[in-house]
Structures are given as structure tokens and as C-alpha cells.
Amino acid sequence: MKRLGILISGRGSNFEAIADSIDAGRIPNAEIAVVISNRPEARGVETARRRGLNTVVIPSKGLDRETYDRMVVEELRKNQVDLVCLAGFMRLLSAWFVEQYPLKILNIHPSLLPSFPGLDAQHQALEHGVKVSGCTVHFVDACLDSGPIILQAAVPVLNDDTVETLSARILKEEHRIYTEAINIVLSGKFRIEGRRVILT
Ligand code: GRF
């Protein structure tokens, strides 16, 4: 059984999609060992508790990155986590954190990286006027929304799109490809050449 640690900061819909996938047997041989939120008020915290999952709030407010990351890693270790999934976790991880879990930390981002990293990616895409956007699941390194890309999905940007309608179209794809990416990583059916994740 592979043990997932899920890190959230907010709504937690990607976390829920992963939990649903596990419950439905779409991610075989995996379980959620712990859900960690850096924000006590995150809606995902409530959802995680309601689902009966081991839910831990570690508030990040006022702590420096190093101190915070050590607390989180301690909790992940305590729960013997094999794979860390960032799911709307709004903090950059320190190089030290990333080194503790080489190729064992995933993130989802609502754009086709390397376009539009950082905050408000859907707004950035609309402002730029791209005709296609989407989402990316990638391995995490110590830089923002960087790291080798595992999967991407594209969606059209329509004439009458708002941030809300575009975000909803992208989110549907996020929920689908995060499960797929977790399966790829857990099954080890990939190799890495430079920045390229070659699915095998
Ligand atoms: C998603 O769009 C994700 O790609 C980004 O933050 C958002 C989190 O949404 N990193 P949720 O908390 O998973 O609903």
C-alpha cells in the first residue's frame, strides 16, 4: 500500500478528486495517510475531516520557510508518506524539503507550463489572449511551478470566457490528470531524461 500525503491551503477540490479516485479503485494500492493544511480555515480541512481522514493543520503564519518545512516533513515522516501531492498548497517548498522526497512530490498548476506560473494563472492566460490553456502535473523542485512535467491537458479559451468559466473548464481536467499522474508515478512507469518525463 502506497501512502499519500496531501498538502492543501484552500478549497481542496483536487484533494477530493484524488480521494474519490482512491475510493473508486482508480488509484489501486494507495491510501491517504494524512491531509495537511497550512490554513486552519481551508474548506478542504472540513472535507477531509468529514471523510474521516487523518487531518492535520499546521499553520504557517509567522513562521519562516525552514521552520515550517521541518514541521511538515516531520508530520509526513510520522505518517510514513511515500508520495506528497500538493493540491492547491500555496507555499513554495524549500530546497531542503524537496531533497527529502526526490521525485516524490507532485504539484498541479492551472496552466500549460511554462506559461503563466504563479498566482492567478487563468487570469494571466485570459489577459495574454491565448487561445488554448490547460493544466500541468509536474514533479516539484525548489523553484515556483518548475520541475519535470508528467502530464498536461489542454482546453480551449472561448471568446466569452471569464476567469470563472475558464477556471471551471480547466479544473475538470485537473481532477482527471492528477489521478492519472499519481498512477504513473506510483507504478514507476516512467524515466527521466533531462527535463523530460518519458512514460514507459
Ligand atoms: C487549482 O486550480 C490548482 O491547480 C492550483 O490551485 C487550485 C486549487 O484548487 N494549484 P483546489 O483547492 O484543489 O480546489
Side-chain angles (χ1 to χ4, degrees), residues 4-24 26-27 30 32 34-51 53 55-60 69 72 83-93 97-98 105-128 130 132-157 161-182 184-185:
L4 307 188
I6 307 205
L7 272 51
I8 62 170
S9 298
R11 180 178 55 185
S13 74
N14 276 289
F15 142 61
E16 276 204 89
I18 295 167
D20 287 345
S21 287
I22 289 175
D23 290 351
R26 289 191 297 271
I27 306 179
I32 295 176
V34 63
V35 178
I36 300 175
S37 174
N38 70 315
R39 296 200 183 129
E41 71 282 8
R43 204 194 321 156
V45 168
E46 211 180 289
T47 317
R49 289 202 174 120
R50 188 164 17 90
R51 293 183 82 117
L53 294 166
T55 311
V56 179
V57 174
I58 309 177
S60 54
D69 283 5
V72 173
L83 183 69
V84 181
C85 301
L86 310 187
F89 186 64
M90 306 302 280
R91 287 180 60 86
L92 199 61
L93 305 190
F97 190 146
V98 175
I105 311 176
L106 310 186
N107 182 41
I108 181 124
H109 183 75
S111 75
L112 295 174
L113 290 171
S115 290
F116 316 126
L119 290 177
D120 301 322
Q122 303 94 332
H123 178 73
Q124 291 185 53
L126 273 183
E127 287 288 293
H128 197 89
V130 292
V132 175
S133 193
C135 50
T136 304
V137 181
H138 62 92
F139 288 111
V140 171
D141 62 19
C143 298
L144 179 65
D145 298 326
S146 159
I149 292 170
I150 302 162
L151 284 179
Q152 293 185 304
V155 305
V157 179
D161 262 336
T162 60
V163 171
E164 287 70 33
T165 57
L166 178 60
S167 298
R169 193 174 308 121
I170 293 173
L171 193 64
K172 221 174 135 203
E173 295 301 303
E174 292 186 37
H175 295 167
R176 184 176 64 77
I177 69 169
Y178 214 161
T179 288
E180 232 184 282
I182 289 169
I184 289 166
V185 173

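Counting starts at 1 for both ligands and their atoms, following the listed order. Counting from 1, the numbers follow the sequence of the chain as shown.
The protein heavy-atom contact nearest to atom 11 (P) of ligand 1 is Ser13 N, 3.3 Å.
Close contacts of ligand 1 with Arg11, meaning ligand atoms under 4.0 Å from a residue heavy atom, involve 9 (O), 11 (P), 12 (O), 14 (O). Counting atoms of ligand 1 from 1 in the listed order, those under 4.0 Å from a heavy atom of Pro110 are 2 (O), 4 (O), 5 (C).
With atom 8 (C) of ligand 1 as the reference point, the heavy atom nearest to it among Gly10, Gly88, Gly44 is part of Gly88.
Assignment of Gly12 to the shell around ligand 1 is supported, since a heavy atom sits closer than 4.0 Å. For Ile108, the closest heavy-atom approach to ligand 1 falls below 4.0 Å.
Using a 4.5 Å cut-off on side-chain heavy atoms (C-beta onward), Lys172 and Val155 make no contact.
Each of Val140, Asn107, Leu92 was evaluated against Asp145; a single residue qualifies, Asn107, per the side chain to side chain contact (heavy atoms under 4.5 Å, CB included) test. Screening Ile27, Leu106, Ile150 for a side chain to side chain contact (heavy atoms under 4.5 Å, CB included) with Tyr178, the sole residue that qualifies is Leu106.
Judged purely by atom type and a 3.5 angstrom limit, His109 has no side-chain atom pairing as donor or acceptor with the backbone of Pro114.
Residue-to-ligand polar distances place Glu174 within reach of ligand 1: an N/O pair is separated by less than 3.5 Å.
Taking a 6.0 Å sphere around CD of Glu41, one finds it holds more than 12 heavy atoms contributed by other residues, nucleotides or ligands.
By the 4.0 Å N-to-carboxylate-O rule, Arg176 lies close enough to Glu173 to be salt-bridged with it.
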